[in-house]
Amino acid sequence: MPDLLVNYWPHILGALSLLTGTIAAVHAAMTKEDVRSAIGWVGVIVLSPLVGAAIYAVAGINRMRRASLAAHHLPSWTDLPDPYLSYDAVHEEVAQKFGYRFAALKTLGDRVTRHQLTTGNTVLLLDGGLQAYDAIEAAIASAERSIILETYIFDRDRIGLRIAAALVAAVRRGVTVRVLVDAVGARYSVPSILGHLKKRGVTIEVFNGNVIMGLRLPYANLRTHRKIVIIDGAVAFTGGMNIREGFSQEFAGDEAARDTHFRLTGPVVADLFAIAAEDWRFASGELLDDPCWTIAEPGSEAGSPMLMRAIATGPDKSLETNHKVLMGAFSVARRTIRIMSPYFLPDRELITALITAARRGVEVDIVVPARNNLMLVDHAMTGQFDQVLKHYCRIWRAEGAFDHSKLLAVDGQWSYIGSSNIDPRSLRLNFEVDIEVLDTNFAREIDARIGAAIGKAKAVTLESLRARPFLWRLVDRILWLGSPYL
């Protein structure tokens, strides 16, 4: 055998390369829905024998195989009898109050998401870590029967330890607590919060397996970026905020990063619970069907404002759901589209939808931070700005502390809030959760939040981009080419 390897290793290597390359190329061609993605992966595989197939095996295959929980009867409004089903929004009423274009957007949501647009919800905007962490801590302290918390990052810092102490206290008074942290996000602080919580009796799991040196290669791109906290099946918190003291003015002062979070009640809480419970079962194998997880009755009447829908997105059966909803929202806009995102790297389809809206006369404003925490992403963003600026859209660099908020409003009526950035990770690779809100008062509140940032922002112009040194513009474009992997 050793002689055979010595004498024929080039032939063996060639045959192995041909076999693995063929299998990988066929898999890419048969499973990728985007022709550019398929061509790109086939090119990598063909031009890099063995290495290309190995890269594809690690980064190109979606290994997520999550069992649907629909058959397991998780508490959800769709499983409950009247009068709960009366909270589902009616198409004709949406058309009468908001117009047929938003009724059409409701139909789109009905067809591409797993949850209904419901009435009888409330939302409270929590501007900054000081408000959000205090509200979450207070809600945990008031819990009587159950808490589920899912997050991307849960740092072991002063804010993290404070939230952890509230969870530990809840466990000690008999509340059932489940905490799910992303396997990569859990290592943003060392040592992580995981051991601290486990030692004190909190049931905790990591999403997508154990990590080695902060990374588990086969699932490096498949992270839960969701932020969900649900108390007693009655109150939920969601938005863009991780658990980190850098977002609290109490500890970071004027340098604290900004973010926006939300406190929700009503039928939408049931759908957020279903999303978090599905993630928990995927990570732990436990089905959350005990009586302590029963969804509380809403305090408002069916048919009352506000209209909301929970939108789950991820590299499983909900692939690109956020992308589809955003495409629909941009297509129905008539007056304004306002976007705030820390990482703005839309694909060609979303860019086309934005510039088409702008060409129709819609005012399109996009706000990104002047100072970004991810410099490579910032350069890639800058390399793409000209594609929207050339076609009547406006881009603003918000001055001051880094703003991590993900906010979007259309025509002062429809809003989109949650964990999704407008970048390839959020649109294709991460598990995200967002909320669409159809309510004029709330949309005006989001408009005002974005407008306040624009008031302190500096406009990005084509002239300023072209005035940058050639070397920096080249760096921007090179990093933009790699934006699907940033």
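Hydrogens, waters and symmetry mates play no part in the numbers below; they use all other heavy atoms, side chains included.
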Quick one, Ile435 and Leu272 - any side-chain contact, counting heavy atoms below 4.5 Å?
yes
Suppose we call two aromatic rings close when their centres sit under 6.0 Å apart. Are His404 and Phe247 close by that rule?
yes
Between Leu105 and Ala329, what is the shortest heavy-atom contact and its length?
CD1-N, 3.6 Å
Can you list every side chain to side chain donor-acceptor pair (under 3.5 Å) pair that touches residues 452-462, not counting sequence neighbours?
Thr461-Ser464
So, the side chain of [X] versus the backbone of [Y]: is there a donor-acceptor pair under 3.5 Å, distance only?
| X | Y | result |
| --- | --- | --- |
| Asn121 | Val268 | yes |
| Asn208 | Leu222 | yes |
| Thr313 | Asn322 | yes |

Any ring-ring contact (aromatic ring centres under 6.0 Å, His included) involving residues 346-398? Give me the pairs, sequence neighbours left out, ordered by first then second residue.
His379-Trp472
Sidechain N-carboxylate O distance under 4.0 Å for Asp476, Arg468:
yes
Could you tell me which residues satisfy side chain to side chain donor-acceptor pair (under 3.5 Å) with [X], sequence neighbours excluded, listed by chain and number?
| X | result |
| --- | --- |
| Thr122 | Thr265 |
| Ser284 | Trp280 |
| Arg156 | none |

Does anything in residues 390-416 form a salt bridge (charged side-chain N to carboxylate O under 4.0 Å, His left out)? List the pairs, not counting sequence neighbours.
Arg101-Asp411, Glu363-Arg394, Asp365-Arg394, Asp378-Arg397, Asp403-Arg449
Ring pair (Phe, Tyr, Trp, His ring centres under 6.0 Å) with [X]: which residues, sequence neighbours excluded?
| X | result |
| --- | --- |
| Phe98 | none |
| Tyr188 | Tyr152 |
| Trp414 | Tyr416 |

Those residues that, when tested against [X], pass side-chain contact (heavy atoms from CB on, under 4.5 Å) (two or more places apart):
| X | value |
| --- | --- |
| Gln384 | Leu345, Pro346, Ile351, Gln387, Trp480 |
| Ala443 | Ser415 |
| Ala132 | Leu126, Met241, His261 |

